[in-house]
Number of protein chains: 2
Amino acid sequence: MKPKTQRPERRTDALSKERIVEAAIAILDADGEAALTFRALATRLATGSGALYWYVTDKSDLLAAAADDVIGRVMSKLAGITEPREAIRTIALGAFDAIDAHPWVGAQLLRDPEQPASLQIFEGIGSRLQALGVPTPAQFDAWSALVHYILGVAGQNAANARLFPRDTDRSTFLDKMAARWAQLDPAGYPFLRQVSAQLPGHDDREQFLSGIDLILAGIEGTSARQR
Amino acid sequence: MKPKTQRPERRTDALSKERIVEAAIAILDADGEAALTFRALATRLATGSGALYWYVTDKSDLLAAAADDVIGRVMSKLAGITEPREAIRTIALGAFDAIDAHPWVGAQLLRDPEQPASLQIFEGIGSRLQALGVPTPAQFDAWSALVHYILGVAGQNAANARLFPRDTDRSTFLDKMAARWAQLDPAGYPFLRQVSAQLPGHDDREQFLSGIDLILAGIEGTSARQR
DNA sequence: ACCTGAACACCGTTCAAGT
DNA sequence: ACCTGAACACCGTTCAAGT
């Protein structure tokens, strides 16, 4: 038996689901959803495309894992928050910011309601709504309204991100969007043309939050009346 | 010059964008989004796949036209409604029912905020919000909340439809969904497990409408306070 | 057990060639 | 002007063959 002063080093670059997901996120962030192919991923990881299937069931599994990774980080920051209304706003804002940083997450959340990322958001909102003291019969509807609103914003932000090059910043994005709406037929689209003037310089993060508050106000108004 | 008693009959099956869109909708409704390929569409229209590009820019143009066709029919039924609150509910319900009948429309609405189908919904909601008397500064936020909620439901219904075979009816769908949520980890997902009991037999059309009402209540409560 | 990469069965889109 | 359908440049996924 030959003296083994050093056992074979564990390959630091060995494949694993975590490494694959990490690389996938890097591609998605850098070049968008269309750039994530098994070929591109395999090249980046210096392996064959078939090797990825050892760790990942298929592409939807990969995307679900990537979204779960991002949303999981958001949800883990909730430990300290006990006030339910604040927790709801924190979850919502956390999701908003995550989608702002990773627009593909927005599209992914709309793709499969049973993926972990979606379930985490569903449960996070629901449990705080219970804690908020919304009467049990009203909880389901209130939860549905909040969750669908959040998902709608998520999907729409993902779509907006697809409309423009990845490096477009907030203000030029809003300017371009406003310019397009301003060109709509005045007879057919008076409202959108009017709103287009408010688009530049408006804070959509703030607007998102005021939507949450609007729904919370509706919930509290309605359940107060029912009490 | 030979006597032409009959001029060449206009081919009743000549291609046109309308016929292509109609055939695309038929495929989408019958076999789902994945079944719509240019090859399948060309076969159904008894032509070559390249011919379609004479009438349609590309696949996203085709999908946008198909969604516009469906949503256009919904919006055309609004002429008689003058009461703005009722008009908003009618637009929302119309979109809901259209997506229920054509789930792919839900996915398509989330894909491009500048397509005609989206703009029609955006404008329809916005103009009634003005008519409702929501103060101008509050209109933008109120509009955003309603529209994102509607889109969220649209996207989620499309996703739910993808989870199950196309012929699954409402009640078995809810039963299966409930069964899945009931199997979630009790420690991690207490709320979803509790809600799963309410899933069978609940009316999601009614729930959708109560979400609209919740938001409208929030809007009216907030603008009343500001007045 | 894990990895390789060619092969398979598809796509959307283009385009020379036809009528 | 309109249509045909092969060809091109891709995909996701599988799988025999390697280590």
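The chains referred to below are lettered A, B, ... by the order of the sequence lines, with proteins before strands, and numbering in each begins at 1. No experiment lies behind these values; they were computed from the predicted model shown.
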Partner residues of Gln120(A) under the side chain to side chain donor-acceptor pair (under 3.5 Å) criterion, sequence neighbours left out: Asp68(A)
Residues forming a side chain to side chain donor-acceptor pair (under 3.5 Å) with Gln130(A), sequence neighbours excluded: Gln194(B)
In a table with atom names and distances, give each donor-acceptor pair under 3.5 Å that connects a side chain of residues 205-212 of chain A to protein atoms at least two apart or in another chain.
| residue | atom | partner | partner atom | Å |
| --- | --- | --- | --- | --- |
| Arg205(A) | NE | Asp97(A) | OD1 | 2.8 |
| Arg205(A) | NE | Asp97(A) | OD2 | 3.4 |
| Arg205(A) | NH2 | Asp97(A) | OD2 | 2.8 |
| Gln207(A) | NE2 | Asp141(B) | OD1 | 3.0 |
| Ser210(A) | OG | Gln207(A) | O | 3.0 |
| Ser210(A) | OG | Asp141(B) | OD2 | 2.9 |

Salt bridge (charged side-chain N to carboxylate O under 4.0 Å, His left out) against Asp204(A), all qualifying residues, sequence neighbours excluded: Arg170(A)
Partners passing salt bridge (charged side-chain N to carboxylate O under 4.0 Å, His left out) against Glu22(B) (at least two apart in sequence or in another chain): none
Listed nucleotide nearest any side-chain atom of Tyr53(A), set dT14(D), dG12(C), dC3(D): dT14(D)
Phosphate contact (dC3(C) OP1 or OP2) by Trp54(A) side-chain N/O below 4.0 Å: no
Sugar-phosphate, base or nothing in reach of Leu41(A), heavy atoms under 4.0 Å: nothing
Sugar-phosphate only, base, or nothing, as touched by Leu36(B) at under 4.0 Å among non-hydrogen atoms: sugar-phosphate
Criterion ring pair (Phe, Tyr, Trp, His ring centres under 6.0 Å) on Phe164(B) and Phe173(B), from CA distance to verdict: CA-CA 7 Å; Phe164(B) 298 98; Phe173(B) 158 71; 5.2 Å; yes
Quick one: [X] [atom1] to [N] [atom2], roughly how many Å, whole number?
| X | N | atom1 | atom2 | answer |
| --- | --- | --- | --- | --- |
| Phe38(A) | dC11(D) | CZ | P | 12 Å |
| Leu15(A) | dC3(C) | CG | P | 5 Å |
| Leu52(B) | dC11(C) | CG | P | 14 Å |

Residue Lys77(A) excluded, over 12 heavy atoms near NZ under 6.0 Å: no
NZ (Lys176(B)) with more than 12 external heavy atoms under 6.0 Å: no
Enumerate the protein-to-nucleotides 6-8 of chain C contacts in which both atoms are nitrogen or oxygen and the separation is below 3.5 Å.
none

Donor-acceptor contact present, side-chain Arg193(B) to main-chain Ala182(B), <3.5 Å: yes
Partner residues of Tyr55(A) under the ring pair (Phe, Tyr, Trp, His ring centres under 6.0 Å) criterion, sequence neighbours left out: none
Within residues 109-118 of chain A, residues whose heavy atoms come under 4.0 Å of DNA chain D: none
Residues from residues 55-63 of chain B lying under 4.0 Å of DNA chain D - heavy atoms: Tyr55(B)
5' priority, DNA chain C, between Ala34(B) and Ser16(A) [closest heavy atom]: Ser16(A)
Pairs involving residues 30-40 of chain B, ordered by first then second residue, that meet side chain to side chain donor-acceptor pair (under 3.5 Å) (sequence neighbours left out): Glu33(B)-Arg111(B)
Side chain to side chain donor-acceptor pair (under 3.5 Å) partners of residues 155-166 of chain B, not counting sequence neighbours, each pair once: none
Salt bridge (charged side-chain N to carboxylate O under 4.0 Å, His left out) between Asp61(A) and Lys17(A), intermediate numbers included: CA-CA 11 Å; Asp61(A) 177 39; Lys17(A) 184 151 185 178; 3.1 Å; yes
DNA chain C base-pair string [pairs: Watson-Crick or G-U under 3.5 Å; |: paired with another strand]: ||.|||||...|||||.||
